[in-house]
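Take a look at the structure set out below.
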Amino acid sequence: MNFDIVIIGSGQAGFQTAASLRQEGFEGSIALIGEEPGLPYQRPPLSKAYLKEGVADRLYFRDAGFFGINSILLEDGCRVSSVNRHEKQVKLDDGRSFGYGHLVLATGARNRRLPIEGVDLEGVADLRTLAHADAFRATLPAVKHLAVIGGGFIGLEIAATARAMGAEVTVLEATDRLMSRVVSPPVSAHFLAAHREAGIDIRLDTMASRITGSDGRATGVELQDGSRIDADLVLVAAGVVANQELAEAAGLYVHDGIRVDDQLSTEDPDISALGDCASFPFGHDGMPTRLESVQNAVDQAKCLARRLTGKAERYAALPWFWSDQGPYKLQIAGLAVGADHHEQHSGGEGKLTVLCFRREELIGVETVNAPGDHMAARKLLAGDAPVTLKEARDAGFDVTALFKARKA
Ligand SMILES: Cc1cc2nc3c(=O)[nH]c(=O)nc-3n(C[C@H](O)[C@H](O)[C@H](O)COP(=O)(O)OP(=O)(O)OC[C@H]3O[C@@H](n4cnc5c(N)ncnc54)[C@H](O)[C@@H]3O)c2cc1C
């Protein structure tokens, strides 16, 4: 079978690419091949509402009819095992081959496996897919003590949900603050206080050295200092790695993701990559960057669909992100990694806004329960002229006032 466009991976980026191609008027044939069974779905609720409610229908991007109406061949439950660039063909695990005019790699990421003893025991879980979430949901109501290895977004979202459902929860974080890879110290401190207030036992600077077990079941976690915590369920939430092996085996350049240019093309003009699996040039200095967010997957898909329908443009969307942890909504506009100065103000009732600067230029704004500030920050940061530290100081570091002043 031959297709004008073959998309590998039917997650957020792969699905959106197929849908956006049709929205842009693409009339050629499209095959969307995904390893997971069933209709394409969104992941964010898996660590949030879905754990409590379990309503799968709310996860799907579109019902089955959408694919028929839009002539998108959805091959679910099928893994692509190799790409032959010379023949312009992909091979599936079931032995079939699909020819392509253009190939889109939207293979996403997978959870990092911890190199410690005990990770294969019963009662050790991780969460990336709907199947993982269903297994986790099934055990959660009976869990007395959940140990979470990793104090990042997903670990903390699940910890907050499990705590609200009545479980005792301990979070083990190897670094000296929560979400240290992606948020500023003031936001880490805010969430540390909030989660401790909710009764979650958070241990910083704490490395798990092994998961203990009895009769094949997890019984707890042993820490590097030799102490132990008991747990009847252990969640490993220690970050993800890009699914880049298919590209690498096909001879494409990979380094923490499949390397693409500012139009999301690999060095093979017939192959593009996007979403969690792709590393693209970001910002003025074109720093290779791999983002793991819905915004990035969706905006890259729209950008790629425009290029593939003759409307090429540079990918330069402003990154933004959210995380819901108990009653707190964290929203981030811009990328604050590498910030050398922070200014914060709290609006009471758990609200917080942090402005992140690098070399006296505003590069990111993090807010907690302050959606107005987040929206103002998105517009500010998307503007052409950078916001300076002086300008922000003159506006009292009030993002909404700053935006209004700029608009006027
Ligand atoms: C629990 C959870 C909560 C999250 N919460 C948020 C949030 O609050 N906000 C936010 O912005 N982001 C959130 N994210 C991140 C967001 O969901 C991802 O950034 C987004 O799904 C990336 O889309 P993608 O299509 O690049 O990758 P994925 O959604 O991972 O899709 C990739 C797909 O490709 C398939 N695949 C891989 N290799 C092959 C192959 N060889 N053959 C066929 N298929 C293949 C995979 O099975 C997978 O289905 C969350 C993620 C998780 C797991």
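Residue numbers run from 1 in the order of the sequence given. As the structure is a computational prediction, the values presented were derived from the model and not from experiment. Remember, it's 1-based here, ligands and their atoms both numbered in the order they're listed.
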Could you please spell out the steps behind the side-chain hydrogen bond (donor to acceptor under 3.5 Å, both in side chains) verdict for Glu173 and Thr175?
-> CA-CA 6 Å; Glu173 167 54 42; Thr175 69; 2.7 Å; yes

If you measure from NZ on Lys91 to CG on Asn84, what distance do you get to the nearest 0.5 Å?
-> 10.0 Å

In a table with atom names and distances, give each donor-acceptor pair under 3.5 Å that connects a side chain of residues 182-192 to protein atoms at least two apart or in another chain.
| from | atom 1 | to | atom 2 | distance (Å) |
| --- | --- | --- | --- | --- |
| Ser184 | OG | Glu366 | OE1 | 2.5 |
| Ser188 | OG | Arg177 | NH1 | 2.7 |
| Ser188 | OG | Leu178 | O | 2.6 |
| Ser188 | OG | Ser184 | O | 3.4 |
| His190 | NE2 | Gly350 | O | 3.0 |

Near ligand 1 (heavy atom, under 4.0 angstrom), the protein residues are Ile8, Gly9, Gly11, Gln12, Ala13, Ile33, Gly34, Glu35, Glu36, Arg43, Pro44, Ser47, Lys48, Cys78, Arg79, Val80, Ala106, Thr107, Gly108, Ala109, Leu127, Arg128, Ile154, Asn243, Leu246, Gly275, Asp276, Glu292, Ser293, Val294, Ala297, Phe321, Trp322

Could you tell me how the ring of Phe15 sits relative to the ring of Phe61: parallel (under 30°), tilted (30 to 60°) or perpendicular (over 60°)?
-> parallel

Salt-bridged, Glu313 to Lys311, with N to O below 4.0 Å?
-> no

Please determine if Lys48 and Asp324 form a salt bridge, counting it only when a charged side-chain N lies under 4.0 Å from a carboxylate O.
-> no

